[in-house]
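None of the values given here were measured: they were computed from a predicted structure. Numbers restart at 1 for each chain; the letters A, B, ... are given by sequence-line order, proteins then strands.
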Amino acid sequence: MAPFASVLPRLLCAGVRPSFLHKAAPGPALQSRRTLGRAPAPEVSEPEDRDDLQSKLLELPLQQPDFFNIKELFSMKTLFDARVHLGHKAGCRHRFMEPYIFGCRLDQDIIDLEQTVRHLQLALNFTAHVAYRKGIILFVSRNRQFTHLIENTARDCGEYAHTRYFKGGLLTNAPLLFGPTVRLPDLIIFLHTLNNVFEPHVAVRDAAKMNIPTVGIVDTNCNPCLITYPVPGNDDSPPAVHLFCRLFQITINRAKEKRRQMEALYRLQGPQGAEGSGTGDTSSRADSSCSS
Amino acid sequence: MAAPCVSCCRGLSYRLFLGLRVNFAQTQGYWQTLPVDAQTAPESQILRLIHTTVVTTKKNVSASGRDSYTEDFIKKQIEEFNIGKRHLANMMGEDPETFTQEDIDRAIAYLFPSGLFEKRARPIMKHPEQIFPKQRAIQWGEDGRPFHFLFYTGKQSYYSLMHDTYGKLLQLEKHNDPFPQKTESMNLIGSRWLIKEELEEMLVEKLSDQDYMQFIRLLEKLLTLQYGPAEEEFIQRFRRSVTIQSQKQLIEPLQYDEQGMAFSTSEGRRKSARAEAVVYERGSGKIRVNGIDYLQYFPITQDREQLMFPFHYLDRLGKHDVICTVSGGGRSAQGLLTSDPRVRERKKPGQEGARRKFTWKKR
């Protein structure tokens, strides 16, 4: 969970508007582990009880390894049935994808689904946490076959999509293009890492430049280097892409629903005080344990 | 205490100081300490060293930025327009309640007569919606999340339109899959697609030519499928009616003379020639000009061919009689009936003819 922990303060310190995100409660503990300086989160003095609730709201999901119960969403069998293990021909193989390839059959690469399952669980868990903390998620792809599907997926989640021609300084020069107070995406999900000329999408490099974490489905001809959470898998077959879109949609909706539930719970318990929050914790843990 | 004097030169930032009179020296430099007047009143406080940062901006930023009108400004303009409209109606002695835009235009033309040729430079008084270009409000909410799901593409309205159109296309293809039939589309006649400028105005966004062509192609593809009334209405939003030129021309009804034969009269001119022609319904193809047969009046074959051309086009060469009178002009001007607006262009001084210049000599 190391990359996840290092990326969190970025969400806290990135000058995001809502006041509750200015709270640095998990921040300093994690910052002390890293040497290179990041801008410290601005200390805003707020009423004590609201602080407590907000910090509990944000800390609670981090105390469990699978707070959103991602493991039940898919299994290796579902990935196999959706043809996620099929890669390109051996001639298209990218050197850095070799660790993720199980083998080669009749000159076609087969992706190791055990690794895919692990990577996909990490990626979906991270997406869920970002959505829980009300981050902006951007779906990026340049494959014209699935443009409509991905835009629909993004719209149904309440998030954003960019499956069109990527203008030059969109991420790196955003204040000029959009306005001085624009908010950049907090997570970028690549359903196709390559663009139409089989080169790495510009957004991969730009997201790395702007310190935006990325989740990407990397096929055997893609470069997984700059992607924070690569998910080795097939990005060309319709069943595979449909499966990935469905999985992302379900996780994001689940995370947002969880957030609404937690907020409602804490709002109810606010006037009641500590004992209310205690019962709230146990009930939420009971929920997650019985659903897993 | 004297108030701090503020310089308005662009990019000058300063830290506010309390109750000190300072003389500014405006020179180009990055860091500058201002000379503080030491002889201040006894109750003046701390003498602080004031640093100013002079940021020299290279870019030429216009004073108001990109014309951005706030909503309040537009509302105020609309109120002022309505009040002004009532004043104008009172001035003209009309009823303020029923004062329409045409009345306003006439009143302004009467009160401010202008001899300017350019119509757009003349004084106008129109509703602010038509004068101020349509603006885009701020695209994201208080938490910073944009409202539209395609915000990060840059052209959200255009791409959202493409998305919707493509969605409709997919839906229709799904319905049409078994038997692709096509009903007649008579509604396309007399209308044209939006031009790029009209589409830009509709979406309040800049488009490129390729974007526009892509959109039109998508709509054309939609037309090839069988669509229902909902799609019909969607497509009609992007069609503009065009006046059919043939319906514009007034065709006069036929007149009948004493023998009951139908004939039709028309006039034409070219350069300084004037002609009037009477075409009879039944005849043997005789043409008389000024009482003389056309073979003798127009000895040149080309002129006669011009006369015969309309009948030749309709394959009615020997069916009609023509009697015409013509005056003025020369040989070739008298041959035509359709108005040809070309006249001889005047010769300009400094040139040999209307367009031909004198021979250019290098030295």
ask   = Heavy atoms under 4.5 Å from chain A: which residues of residues 166-174 of chain B carry them?
value = B/Tyr166, B/Gly167, B/Leu170
remark   = Between B/Phe149 and A/Glu151 the two heavy atoms that sit nearest each other are CE1-O, 3.6 Å
message = Tell me if the NZ atom of A/Lys256 is crowded by more than 12 foreign heavy atoms within 6.0 Å.
response = yes
query = Heavy-atom count around B/Glu71 CD within 6.0 Å, excluding the residue itself: above 12?
reply = no
query = If you look at every heavy atom in A/Lys134 and B/Arg145, which pair is closest and at what distance?
reply = O-NH1, 3.7 Å
request  = For residues A/Arg164 and B/Thr153, report the shortest heavy-atom separation together with the two atoms involved.
outcome  = CG-CG2, 4.3 Å
request  = Return yes when atom CZ of A/Arg144 has more than 12 non-hydrogen atoms of other residues, nucleotides or ligands closer than 6.0 Å, and no otherwise.
outcome  = no
task = Please indicate whether B/Glu233 has more than 12 foreign heavy atoms, meaning atoms of other residues, nucleotides or ligands, lying under 6.0 Å from its CD.
result = no
message = Working to the nearest 0.5 angstrom, can you tell me the gap between B/Gln156 CD and A/His162 NE2?
response = 13.0 Å
Region of A/Ile136 in contact with chain B, defined by heavy-atom distances below 4.5 Å = both
request  = For the pair B/Tyr152 and A/Tyr160, name the ring-plane relationship: parallel under 30°, tilted 30 to 60°, perpendicular over 60°.
outcome  = perpendicular
ask   = For the atom pair OG1 (A/Thr147) and NE2 (B/His163), what is the distance rounded to the nearest 0.5 Å?
value = 10.0 Å
request  = Would you name the heavy atoms of A/Phe178 and B/Trp140 that are closest together and state the gap between them?
outcome  = O-CH2, 4.1 Å
